[in-house]
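The structure appears below as structure tokens.
Sequence positions, counted from 1, serve as the residue numbers for this chain.
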Amino acid sequence: MERIAAAGNLIIEVQPERWRVLVNGGGTDRLLLEAATGEPLRYASAFATRRSLPPDSIPPAQIERVVLGWSAQDDSWHLGLVLNDALAAQRGTRWCGIAHWYDPDTSTFLDLAQHAGQSLAHKLERPFTLIPPQARAEDEDERFPIPQPAPPFKFDLWRLTYDRAGGFAGGLELRLSSAWGRQRLIRAAWQIVWLGVFIVLTVTTLTSGIALPRPEFLVYFGFASMGVLLITIMYNLYSAITRIRRIRIDANTRSVKWMRGRRVVR
């Protein structure tokens, strides 16, 4: 008897008379699938539910072939069954996976997985097919360059360009869009307008000679609003003046400079 470990705590047990898949959990083995010569392929209810199979078993006549194929998406060998058209129509797919092996170099588990697949095909008396990794578009001796987009590159409000003096060899430069500063100034201008409105309303209320509004805390709320507006105006103006506008990555000196205009901030 041979025992072949697969991903997900699965163990494939190859015996002269039977081929079984066991789930090892908590130190005990639980039968998941079993194949024997001349008998239907039997499986546990959990296996049937997850793969939309008929309950309990399917006859080998409904299996076209056993397939071991390589998947580049997860760097794994996948062992499974290709089912006939009638059963595939019920399930929505012809493929029924059984086990897989993570194998980034494509060869570590190939022999074990292929032996497991051939043994299963022998028990089911169905053909076995191996689908190897597809040939790469490039080999070690011939490489094809990937076209790269030309600068500048835009990242939201930033634009990445090569250093104008030295090209890419000289370095890179991130430059903040002037739209950012305009937005801050426009926002501050509107806040100044609203600050003027609050000042006029509050002063008029206190000097008009009429009774204060009810409740009286509305007057103090006006003063608080003016304070908040004043702080936000100062913040927007300060950030517009002191904001870093350029980040220069110098390849020659291996340095990164945060700049405001031509002045290096740090």
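Put simply, CG on Asp111 and CH2 on Trp77 are 10.0 Å apart, with the number rounded to the nearest 0.5 Å. Here the CG-CZ distance, from Leu33 to Arg42, works out to 11.0 Å after rounding to the nearest 0.5 Å. Once rounded to the nearest 0.5 Å, the distance linking CD of Gln183 with OG of Ser178 reads 10.0 Å. Atoms CG and CG, from Leu174 and Leu160 in turn, are 5.0 Å apart once rounded to the nearest 0.5 Å. Interatomic distance, Leu81 CG to Arg65 CZ, rounded to the nearest 0.5 Å: 12.0 Å. Annotation: the span from Ser107 atom OG to Trp70 atom CH2 amounts to 9.0 Å, rounded to 0.5 Å.
Clustering ILVMFWY residues whenever any of their side-chain heavy atoms sit less than 4.5 angstrom apart, transitively, puts Val21 in a cluster other than the one holding Ile11. No path of Ile, Leu, Val, Met, Phe, Trp and Tyr side chains, each step under 4.5 Å between heavy atoms, connects Leu31 with Leu53, placing them in separate hydrophobic clusters. Linking ILVMFWY residues whenever their side-chain heavy atoms come closer than 4.5 Å, directly or via other members, places Leu157 and Trp258 in the same cluster. Clustering ILVMFWY residues whenever any of their side-chain heavy atoms sit less than 4.5 angstrom apart, transitively, puts Trp180 in the very cluster that holds Ile247. No chain of hydrophobic side-chain contacts below 4.5 Å, direct or via other Ile, Leu, Val, Met, Phe, Trp or Tyr residues, connects Tyr238 to Ile186.
For the residue pair Asp75 and Tyr102, the shortest heavy atom distance occurs at O-CD1, 3.4 Å. Here the closest non-hydrogen pair linking Gln191 and Asn236 is OE1-ND2, 3.0 Å. What you find for Thr232 and Leu229 is that their closest heavy atoms are OG1-O, 2.8 Å. When all heavy atoms of Ile233 and Ala188 are compared, the closest pair comes out as CG1-O, 4.1 Å. For the pair Lys123 and Glu17, the tightest heavy-atom approach, listed with the atom from each and the gap, is CE-C, 3.7 Å. Annotation for Val200 and Thr204: closest pair O-OG1, 2.6 Å, computed over non-hydrogen atoms.
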Take Ser177 and Arg159 through the test side-chain contact (heavy atoms from CB on, under 4.5 Å) and record every step on the way to the result. CA-CA 7 Å; Ser177 170; Arg159 187 175 68 167; over 6 Å; no
Applying side-chain contact (heavy atoms from CB on, under 4.5 Å), run through Leu68 and Phe128 and close with a yes or a no. CA-CA 8 Å; Leu68 175 68; Phe128 172 77; 3.9 Å; yes
Verdict with reasoning, Arg20 to Ile12, per side-chain contact (heavy atoms from CB on, under 4.5 Å): CA-CA 6 Å; Arg20 305 198 303 171; Ile12 295 175; over 6 Å; no
What verdict does the side-chain contact (heavy atoms from CB on, under 4.5 Å) test give for Gln62 and Leu83, after you've listed the backbone C-alpha separation in whole Å, the side-chain angles of each residue and the deciding distance to 0.1 Å? CA-CA 6 Å; Gln62 290 188 303; Leu83 307 175; 5.7 Å; no
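Using a 4.5 Å heavy-atom threshold, the side chains of Phe109 and Leu112 count as touching. You'll find the side chain of Tyr235 stays beyond 4.5 Å of the side chain of Leu237, heavy atoms only. Between Ser57 and Leu41, every side-chain heavy-atom pair lies at or beyond the 4.5 Å cut-off. Two residues are said to be in side-chain contact when any heavy atoms from C-beta on lie closer than 4.5 Å; Met259 and Ile244 fail this criterion. No side-chain heavy atom of Trp19 sits less than 4.5 Å from a side-chain heavy atom of His122. Counting heavy atoms from C-beta outward, Arg246 and Leu176 have side chains that stay 4.5 Å or more apart. Under the 4.5 Å side-chain criterion, counting only non-hydrogen atoms from C-beta, Glu173 is not in contact with Ile249. The side-chain heavy atoms of His100 and Leu79, taken from C-beta on, include no pair separated by under 4.5 Å.
Summarising the local packing, CZ of Arg30 is surrounded by 12 or fewer heavy atoms from other residues, nucleotides or ligands at distances under 6.0 Å. The neighbour count for Trp95 CH2, taken as heavy atoms of other residues, nucleotides or ligands under 6.0 Å away, is above 12.
Without hydrogens or angle criteria, Asp103 side chain to Ser76 main chain gives no donor-acceptor distance under 3.5 Å. Looking at Arg248, its side chain never comes within 3.5 Å of a backbone N or O of Val256 through a donor-acceptor pair. Not a single donor-acceptor pair under 3.5 Å links the side chain of Trp194 to the backbone N or O of Ala189.
There is a side-chain donor-acceptor pair under 3.5 Å between Asp74 and Ser71. Between the side chains of Asp105 and Thr108, at least one donor-acceptor pair of N or O atoms lies under 3.5 Å.
Residue pairs meeting the ring pair (Phe, Tyr, Trp, His ring centres under 6.0 Å) criterion with at least one partner in residues 37-67, sequence neighbours excluded, are Tyr43-Phe47.
For the pair Arg175 and Trp158, the NZ or CZ position fails the cation-pi test of under 6.0 Å to the six-membered ring centre and within 45 degrees of the ring normal.
Using a 4.0 Å cut-off between a side-chain N of Lys or Arg and a carboxylate O of Asp or Glu, Arg18 and Glu39 qualify as a salt bridge. Under the 4.0 Å criterion applied to side-chain N and carboxylate O atoms, Arg3 and Glu13 are assigned as salt-bridge partners. With respect to Asp156 and Lys154, no salt bridge is recorded, no charged nitrogen being found less than 4.0 Å from a carboxylate O.
A side-chain contact (heavy atoms from CB on, under 4.5 Å) with Leu10 is found for one member of Leu22, Val23, Ile98, Asn24 and no other, namely Val23.
Residues that satisfy the side chain to side chain contact (heavy atoms under 4.5 Å, CB included) test with Arg126, not counting sequence neighbours, are Pro60, Ile63, Leu124.
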